[in-house]
Peer 1: 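If you scroll down you'll find the structure; I have some questions about it.
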Amino acid sequence: MVGKSNKGRSRRGSHNSTTCSEQAVSSDAPLKDNVTASKPPNVDSNGVPNMVESSGSKSELTESEALNSSSQPKQGDLHLYPVPVKTQSGERLELQLNPGDSVMDIRQFLLDAPETCYFTCYDLLLHIKDGSTHHLEDYNEISEVADITLGGCSLEMVAALYDDRSIRAHVHRTRDLLSLSTLHASLSTSLALQYENAQSKAPNSGDAAKTDVPELDGLGFMEDVTGSLGKLLCTPSKEIKCVESIVFSSFNPPPSYRRLVGDLINLDIETLEGNKYCVTGTTKMFYVNSSTGNVLDPKPSKAGYEATTLVGLLQKISSKFRKAFHEIMERKATAHPFENVQSLLPPNSWLELYPVPDHKRDAARAEDALTPSYGSELIGMQRDWNEELQSCREFPHTTPQERILRDRALYKVTSDFVDAAISGAVGVINRCIPPINPTDPECFHMYVHNNIFFSFAVDSDMEQLSKKRAVETNSSTESGNEAASSEMLPGGRMDSNEERCGRSSIGESDSITELAQGSVETPLAESEQATYASANNDLKGTKAYQEADVPGLHNLAMAIIDYRGHRVVAQSVLPGILQGDKSDSLLYGSVDNGKKICWNEDFHSKVLEAAKRLHLKEHTVLDASGNVFKLAAPVECKGIVGSDDRHYLLDLMRATPRDANFIGPGSRFCILRPELITAFVQAQAPESSKSVPKSEGEVNVATGSSKSEGEVNVATDSSKAAVVETPVETESHEAATSGDNQGITNEDKNKADTECASASVKSCETNEEILFNPNVFTEFKLVGSQEEIVEDEENVKKASSYLVDVVLPKFIQDLCTLEVSPMDGQTLTEALHAHGINIRYIGNVANGTKHLPHLWDLCSNEIVVRSAKHILKDVLRDTEDHDLGPAISHFLSCFFGSCQSVAAKLTSSSQSKNHKKEQASHHSSGKTSKGHARWKGKTSARKNISSYMNVSSESLWSEIQKFAKLKYQFELPEDARLRVKKISVLRNMCQKVGITIAARKYDFNTAMPFHTSDILNLQPVVKHSVPVCSEAKDLVEMGKVQLVEVSILKSETDPIKLKGMLTEAYTMFSEAFSILQQVTGPMHREVANCCRYLAMVLYHAGDMAGAIMQQHKELIINERCLGLDHPDTAHSYGNMALFYHGLNQTELALRHMSRALLLLSLSSGPDHPDVAATFINVAMMYQDIGKMNTALRYLQEALKKNERLLGEEHIQTAVCYHALAIAFNCMGAFKLSHQHEKKTYDILVKQLGEEDTRTRDSQNWMKTFKMRELQLNAQKQKGQALNAASAQKAIDILKAHPDLMQAFQAAAAAGGSGSSSASFNKSLNAAMIGETLPRGRGFDERAARAAAEVRKKAAARGLVTRSHGIPVQAVPPLTQLLNMINMGATPEAGDGGEASGEKREEANGHHNPNGAVDSKKDESTTSKEGEAAPVGLGKGLASLDAKKQKTKLKATS
């Protein structure tokens, strides 16, 4: 239980998940999706800030009849028992509890239930049927007290006494309950409500309403991306006012003689009626006292004005309060449960409302702000983070339930630690927290606050790069990435800061100097306390060792916070280090760069165990005195025994070997990524050929742990991989901020990481043969035979060349085939990392994708942003508080406009004054200049921009170009400034640095697009290693394998077997969902993945409503955990639209599509294959409701995009032509259909060969279209009479839509190149025809075919599916018009007859396609069951050879 980890300490608020048990909510509280999570509680019932934000959920196996899961219990499934509760107010409600629930969990359930949400201070009594009563302690499990499985148990809430802490917590809880600010309504929810309201008002909903679908401005977002900034944010819901104000009174504290009779606080309350009351809070209750004016009169004013809770008292004294409070509770009850749950570490928003809302008086807010705690508890004991973390690690974890409890405790403690670390780091950077060593030089200052140790990491990239450049002009320069910063203390950033801190208190005060002088690689090391790169590497190394999870080997909690240009490293405090009570604490490794090495057998055995799991080799090294030691870790790591007698391993900057492609001076911290090591080891292992068919290519086979994972590398599609596998929580947006080499700690996108660490023994078995010596290519002296040393070096060289020769080319190929389709800088970074590629190689990726404009733009824009970010951080470090807004707006204006430096505008005299001032400020600017002032006089490439005053557009862009060349070996083109995608780059930049700007339309053509008033906030950006649950991940991987098999076998498998496979996949995803809910709570990226897969399974099984329910959950979680405009959120909207379309709610579907297009335009800009894919989906929806002219406009746009971005012969372009062929077929323009299908066929022949099933399918379509054309001609020859009215209609339409006429003529002449259609992101034929369930990233590969089958079955069972065919009157005029163009004749009377009816059916065959098209995923459909038309490119395109299908496991993305 999370509670256990507390060891009796109270937890600081927020949320976590509760058990899988259903949330306690009264019978009349609506339970949605079997999950109830209401108000975001902030305090637990005893006023202890609550630690669990719950949203328990039963596994939802009941959602689809088709999926009755097997009855045997599985891990993650819990048996729930009803237990009645008697509340403090005398009401009764029933909770569903599990014997393993702790009392803290029950308190959380009660805090979420509407009837009991305002009770915070009570005791729980458990009555058992034998008549005995037990008082429940918070950290007990129910099973420790009584067996609730026998029945007859009941709970009673009994009012407890308030104390100073709990009464304040009660007041804060009450204020939170009275606000709607904790309710995060999703746009999708409000769209659905609007649609329902509109439908209920429409007299005859259904067909009539449908033909009336308004045309949405989807294309508009693409044409005016800047103008759509303001549309991203929804206006917050209007607050419901319950009370004017509740503030702590100036009568506080109560006089001593009142304390002796129980008074704790006094409150001033003003009600909506205008009455003012002074309320006294005592140990037992709240009552209105008789005070008036300035004198306290503690006597009760009226007999009835008292209550045990503040809400109870307010209801008595104000009728308006009663009404408004009821309204608030109603609003919260009707929201989706997930919209009520707080998100741990929510993402920073880069946009805020414009115009900026008025800032109104709020005494309560002011009160909170006046007592800044920087993350610590104001009252009571500070939490001992290290003790909590290590004791959680020591929880038993043999059974599934024990593992869930342990994972949950670890997740909770680590999340709370990160939260506290962010607040503390901001206090440190703002100079609000004093250093513990104030007499040392400022660059060595260290801080301890709230039991967290803070130290600065300083980035010297640019300067070092310049120096290296002079020394060495070959490739080692580019090591830049982290390399640059590698010139640092021998141990890099030091946990040895902790070490140092301890040592100085032990009397070795010279250790700082000693450490500083230890670096062999660079003289600058003496002034470098630490660097960005080593901090990144240390975080990754710490995470790897945590996941290796070796009993008895401990690591510190760690987070990296970037704010105002500084990087602060936060760690839990090593026990005893501050007291200096153990001079012999170093047992393993070295603090002086290998001069003296310590060794301990017990410690070595633990490190060796971890090394096996991390593919590190036991090897021998020499210290300066010639002594020989066997190590299984980098020399500079430090093994320390704490005063708690636990063994701690610190300074893990090199948990993987160095990158042999970067071994020049200054490249010390260029190391390989753990994902690469895992993939390489698997590629080399003899078994790998069986388990991972394409292992060299599939770099991210990181799944090396059991369960047929070999075939599961989701990471291949890193766009998803990243997405799917990465629960980065807060800083995902800043993916790999600075020492980018391995910056991101992207929680687990990398299954590799997972592997590295949790690689479980299975993975070790195959991996034992290849182990890497982490100390090769370093200055440390290795001992052993020359052959052995050479072999160790060869191993590292092989892995490094594997990266360059295999992994990079394969990754570039995947990008070109859209197998991996990143949308923005963040998803690109995640994709690179998931494949084991360091960001320093991004220049290679850019050069390898020059022929595809969208990829080249994406890579080059990312390089520009990363280069500019380093320069901006330098500017911010040298900027005083009062200049932050002007500095950021000036920098952005220089970046996007053509702005002169501020200094250049001044007269020369004022310039010189300024210059002096500026220099003075550098010397006096305290922390800002710490460690940087020393650079100013040296020839740093950045020296010209030491202050924002000196930055101009020219100087900035020339710095960016130099930086890109040095750090990424990438030559930015001269016109890079003009080619940059403005909005995407602005968004990326703001996310990486933590800037928030006003959501207004910016004119980038002016000299100064930004003004100081546009900069609304600067927030910290965080990297952390909050753990996730490996058990749930394994289940998700197995489920994905099932889902892929379902897709592959769909056509050949009998329905019963298929249903069994779907049920199995559903069960696995449900279990994973249930476990994750218990471990992390619902607000987590991994939970969103489970919901997406569940939606996919339900979709395949034909339960569209169930699919929508799950997809809606995914959408809400993505909005809250990843951000409103994250590419995954865009794809969630796209999937929702497709599901709504499947339910025939096309208007609602189109509104979701419109939102998806807006989000895509912000993240990727208009030029991306995913945008083209989405256009195809939109076109199919319009086609379905008979709006052919709109559909053709979208298809035309999509085709243009694909031809421009991917080339005229890309398989995605073929998909576009096929979509057009189907559209024209729909309209009866068989000649045009044939022409477009011919183009499809030609491309497929060239790309896949004539024998490929997809090519043959295309050929069959051509025959079908030709046959229909001949049928029409035959009718014509029979001499059917002309229909003059129809001819006139055709002419009218032409007059009304000249653009259509041109489009058709162009299409007829050019075979459709002017007409349009689009590719589908990864889904190769995405939406082709009919069933058209094309998929954007994130949609299941063969969704359409699934739906086709489902509809057939539904029809067989007599269920209603979407009606086939469009009302005839909707199409004829266009049909005739097209025939006229087609045959060069006037329209025929019979035109609207048989032939066009038949085709229309087919075009609308969406509903029952028998196949779907997509080279990798398919979705096209064919005509009605009865017709003998060929299947869409369908099965063909869909069925890539089995190998590929398996590697692509991303069953949905």
Side-chain angles (χ1 to χ4, degrees), residues 345-350 374-375 417-431 447 452 454-462 481-482 484-485 488 492-493 497 529-540 558-571 728-747 825-826 829 839 862 865-879 884 887-888 891 927-928 930-932 967 987-996 1015 1017-1026 1123:
L345 310 173
N348 293 338
S349 168
W350 67 282
Y374 302 109
F417 167 80
V418 173
D419 199 36
I422 295 170
S423 303
V426 169
V428 164
I429 292 167
N430 288 337
R431 311 184 198 68
Y447 306 78
I452 300 175
F454 297 96
S455 57
F456 278 88
V458 181
D459 188 14
S460 64
D461 282 358
M462 206 49 211
N481 193 359
E482 292 54 45
S485 45
M488 59 196 319
R493 203 206 92 284
N497 285 338
Q529 173 185 352
T531 69
Y532 273 29
S534 65
N536 276 337
N537 290 0
D538 196 3
L539 183 62
K540 254 201 328 287
M558 181 177 179
I560 296 174
I561 297 94
D562 290 312
Y563 179 58
R564 285 185 56 172
H566 295 280
R567 166 161 287 191
V568 166
V569 178
Q571 293 163 302
V728 179
E729 287 180 351
T730 60
E731 78 290 11
S732 59
H733 47 268
E734 80 122 339
T737 321
S738 64
D740 304 296
N741 170 7
Q742 8 265 345
I744 233 163
T745 60
N746 266 350
E747 311 261 41
Q826 181 191 335
T829 302
I839 290 291
E862 181 68 3
V865 170
R866 284 173 179 273
S867 304
K869 174 192 70 179
H870 283 277
I871 297 168
L872 174 57
K873 284 186 168 184
D874 232 26
V875 169
L876 290 178
R877 266 199 298 269
D878 291 331
T879 301
L884 283 171
I888 294 170
F891 183 92
K927 178 167 295 94
T928 48
K930 67 184 275 127
H932 292 275
K967 193 159 186 175
R987 170 180 176 272
N988 195 348
M989 184 77 185
C990 289
Q991 288 177 331
K992 280 185 166 54
V993 186
I995 298 167
T996 304
I1015 311 302
N1017 201 357
L1018 184 59
Q1019 300 163 290
V1021 172
V1022 195
K1023 296 182 183 190
H1024 53 75
S1025 60
V1026 176

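Just so we're clear, the structure is a prediction, and the values are computed from it rather than from any experiment.
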Peer 1: If I compare all heavy atoms of Phe417 with all of Met558, which pair ends up nearest, and what's the gap?
Peer 2: CE2-N, 3.6 Å
Peer 1: With side chains defined as the heavy atoms from C-beta onward, is the minimum distance between Asn430 and Tyr563 less than 4.5 Å?
Peer 2: yes
Peer 1: Would His566 and Val428 count as a side chain to side chain contact (heavy atoms under 4.5 Å, CB included) if you check the C-alpha gap in whole Å, the side-chain angles of each, and the deciding distance to 0.1 Å?
Peer 2: CA-CA 10 Å; His566 295 280; Val428 164; over 6 Å; no
Peer 1: State, with a plain yes or no, whether a side-chain heavy atom of Asn1017 is found less than 4.5 Å away from one of Asn348.
Peer 2: no
Peer 1: Which heavy atom of Asn988 sits nearest to which heavy atom of Gly825, and what is that distance?
Peer 2: ND2-CA, 3.7 Å
Peer 1: What's the shortest heavy-atom distance between Ala535 and Ile560, and which atoms?
Peer 2: O-CD1, 3.3 Å
Peer 1: Determine the minimum heavy-atom distance between Ile561 and Ala421, stating which atoms define it.
Peer 2: CD1-O, 3.9 Å
Peer 1: For residues Thr829 and Gln826, determine if any side-chain heavy atom of one lies less than 4.5 Å from a side-chain heavy atom of the other.
Peer 2: no
Peer 1: Going by heavy atoms in the side chains, are Lys992 and Leu872 under 4.5 Å from each other?
Peer 2: no
Peer 1: Do Arg567 and Lys1023 come close enough that some side-chain heavy atom pair is under 4.5 Å?
Peer 2: yes
Peer 1: Rounded to the nearest 0.5 Å, what separation is found between the CG atom of Leu1018 and the OG1 atom of Thr996?
Peer 2: 8.0 Å
Peer 1: Please state whether the rings of Phe456 and Tyr447 are parallel, tilted or perpendicular, taking 30° and 60° as the class boundaries.
Peer 2: perpendicular
Peer 1: Any idea which heavy atoms bring Thr879 and Ala887 closest together, and the distance?
Peer 2: CG2-CB, 3.9 Å
Peer 1: Are any of the side-chain heavy atoms of Leu884 and Leu876 separated by less than 4.5 Å?
Peer 2: yes
Peer 1: Of all the heavy-atom pairs spanning Leu539 and His1024, show the shortest one and how long it is.
Peer 2: CD2-N, 3.9 Å
Peer 1: Could you list the residues that satisfy side chain to side chain donor-acceptor pair (under 3.5 Å) with Ser349, not counting sequence neighbours?
Peer 2: none
Peer 1: To the nearest 0.5 angstrom, please state how far the CD1 atom of Ile1015 sits from the CD1 atom of Ile995.
Peer 2: 6.5 Å
Peer 1: Would Lys967 and His870 count as a side chain to side chain contact (heavy atoms under 4.5 Å, CB included) if you check the C-alpha gap in whole Å, the side-chain angles of each, and the deciding distance to 0.1 Å?
Peer 2: CA-CA 11 Å; Lys967 193 159 186 175; His870 283 277; 3.0 Å; yes
